[in-house]
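Encoded as structure tokens, the structure appears first; notes follow it.
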Amino acid sequence: MKLLTKPAYLLLVLAAATSCDSSNSPDPTPKATSVHLTLGNPSGAVADVKKPTNYLLLKPQYALSYHRDRGIPNWVSWHLDNTWRGAAPRQDDFRADDALPEGWYQVQGSSYQGSGFDRGHNCPSADRTKTVADNSATFLMTNMTPQAPRSNQQTWARLEEYCRSLADTGKELYILCGSYGKGGSGSDGGVTQTIDEGHVTVPRRCWKVVIILPIGSNDAARVSTGTRVIAIDSPNDNSIGSNWGQYRVSVDAIEAATGLDLLSAVSPAVQAKLESTVDAGPTE
DNA sequence: CTGCAGAAC
DNA sequence: GTTCTGCAG
């Protein structure tokens, strides 16, 4: 074994001395929040079995509020910078999420089959490629929403790619998305209210909010009135295309439609400015 | 080529 | 599970 240099030894001693728990036992009280909720918890979701319509699920890779009776999340929130991205291949292991409370219906990987709707990721597969475990976590069905194929593969896919391109240029992003309403139009046409024998509601609209920051500490105080915020609200309809820019709205409009309180960790004055503005920046 | 998938076996 | 196909960019 190679001997440690004196400075390295001192660092180890300091690290041990400042750690309030022994390093070889699990933390008995995991933090109640995560980096993914740095800018807030839009619905005050909690991991309480008595709150089936606003149930908090925290994963290392993202955080979400799950609606048991709709079978889809109310919102999903995640942090994106290039430390989340790597070479892990797409896992494609769509599956039920057994982290839900006992007795709750679990949407299955096959639940959308033949519905005319995609198993649309909220937190995208391609945003979580650092490790196989990270990528696999995005395929839990609690991270899915039945989405019209063109909405998923064109509208959202283009915006997701744009977000990753911003990460590639040294940005750090906080992203939230979700859906609301009932009744979408998939590849089979018409309007579909639910699938999977009523266990999964097909939403009418899908929304996404992107906060773009320079790389830095994970701190809501870094959001200023000059921070770029992109918000879109698009129909869950297979007639739409790749031009996500045309669906830009204010964050206020999404809050009005959903009842959520977005960016609640940001100071009220900054929120007021950012949430009333509609992005007019580049789309590619 | 990658990323979004669905369908067949 | 694996393999194949389709679409957009």
Side-chain angles (χ1 to χ4, degrees), chain A residues 61-62 64 71-73 76 78 80-98 106-169 171 173 175-179 184-190 192 194-197 199-200 202-203 205-208 210 230 232 234-248 281-284:
Chain A
Q61 298 83 9
Y62 52 89
L64 66 80
I72 54 177
V76 181
W78 67 101
L80 175 64
D81 64 19
N82 271 354
T83 68
W84 285 102
R85 298 176 58 214
R90 183 182 169 98
Q91 295 301 300
D92 269 321
D93 51 349
F94 293 95
R95 64 200 186 282
D97 189 345
D98 62 12
Q106 292 183 2
V107 177
Q108 302 297 301
S110 57
S111 289
Y112 293 19
Q113 188 185 40
S115 69
F117 291 87
D118 283 1
R119 297 170 292 192
H121 283 71
N122 283 266
C123 178
S125 164
D127 281 10
R128 292 291 181 262
T129 53
K130 191 68 173 180
T131 67
V132 167
D134 281 355
N135 186 259
S136 180
T138 71
F139 287 87
L140 292 167
M141 292 305 291
T142 48
N143 185 42
M144 300 297 162
T145 298
Q147 209 174 351
R150 287 168 61 97
S151 167
N152 180 39
Q153 299 173 27
Q154 296 192 34
T155 322
W156 275 35
R158 292 290 83 72
L159 176 54
E160 291 162 1
E161 286 180 355
Y162 179 60
C163 289
R164 288 188 290 274
S165 78
L166 294 174
D168 283 335
T169 63
K171 300 294 188 186
L173 299 85
I175 307 174
L176 300 104
C177 70
S179 60
S185 184
S187 58
D188 297 339
T192 302
T194 66
I195 61 177
D196 195 19
E197 298 178 332
H199 289 302
V200 176
V202 177
R205 307 280 302 188
C206 299
W207 59 269
K208 189 179 288 259
V210 183
I230 299 171
I232 74 166
S234 58
N236 192 15
D237 189 306
N238 213 32
S239 68
I240 69 175
S242 60
N243 179 4
W244 60 264
Q246 69 180 289
Y247 299 111
R248 284 181 283 194
T283 59
E284 58 183 49

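This structure is a prediction, so every number in the text was calculated from the model and none was measured. Below, chains carry the letters A, B, ... as their sequence lines are ordered, and counting in each starts from 1.
- When each of A:L173, A:T129, A:D134 is paired with A:W84, the side-chain contact (heavy atoms from CB on, under 4.5 Å) condition holds for A:D134 and for no other.
- Between A:R119 and the phosphate of B:dA5, there is no side-chain N or O to OP1/OP2 separation shorter than 4.0 Å.
- When the C1' atom of C:dG1 is taken as reference, atom CD of A:Q91 falls 13 Å away, rounded to whole Å.
- Computed from coordinates, the A:E160 CD to B:dA5 P distance equals 7 Å when rounded to whole Å.
- By the ring pair (Phe, Tyr, Trp, His ring centres under 6.0 Å) test, A:W244 is found to be paired with A:Y162, residues two or more places apart in sequence or in another chain being considered.
- Annotation: salt bridge (Lys or Arg N to Asp or Glu O under 4.0 Å) contacts of A:D188 (sequence neighbours excluded): none.
- In this entry the distance linking CZ of A:R95 with C1' of C:dG1 reads 14 Å, nearest Å.
- Rounded to an integer number of Å, the gap from A:W244 CH2 to C:dG9 C1' is 15 Å.
- A straight line from CG of A:D92 to P of C:dG1 spans 10 Å, rounded to a whole angstrom.
- Taking only side-chain nitrogens and oxygens, A:N152 comes nearer than 4.0 Å to OP1 or OP2 of B:dA5.
- For A:F139, the ring pair (Phe, Tyr, Trp, His ring centres under 6.0 Å) partners two or more places apart in sequence, or in a different chain, are A:F94, A:H121.
- At a threshold of 4.0 angstrom between heavy atoms, the contacts of A:F117 are confined to the sugar-phosphate backbone, with no base atom among them.
- Within the structure, salt bridge (charged side-chain N to carboxylate O under 4.0 Å, His left out) contacts touching residues 149-162 of chain A (residues at least two apart or in different chains) are A:R158-A:E161, A:E160-A:K208.
- With rounding to whole Å, A:N143 atom CG is found 12 Å from B:dC4 atom P.
- No engagement by A:G241 is indicated, since no non-hydrogen atom pair under 4.0 Å with the nucleic acid exists.
- Atoms OH (A:Y162) and P (B:dC4) sit 18 Å apart, rounded to a whole Å.
- For A:N236 and B:dC4, the CG to P distance is 17 Å, given to the nearest whole Å.
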Check the interface with nucleotides 2-8 of chain C: list each N/O to N/O pair with the protein under 3.5 Å, or write none.
{"from": "C:dG6", "atom 1": "N2", "to": "A:Q153", "atom 2": "OE1", "distance (Å)": "3.3"}

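- To the nearest 0.5 Å, atom CD of residue A:Q147 and atom OG of residue A:S234 are 7.0 Å apart.
- Note on residues 118-132 of chain A: pairs passing salt bridge (charged side-chain N to carboxylate O under 4.0 Å, His left out), not counting sequence neighbours, are A:D127-A:R164.
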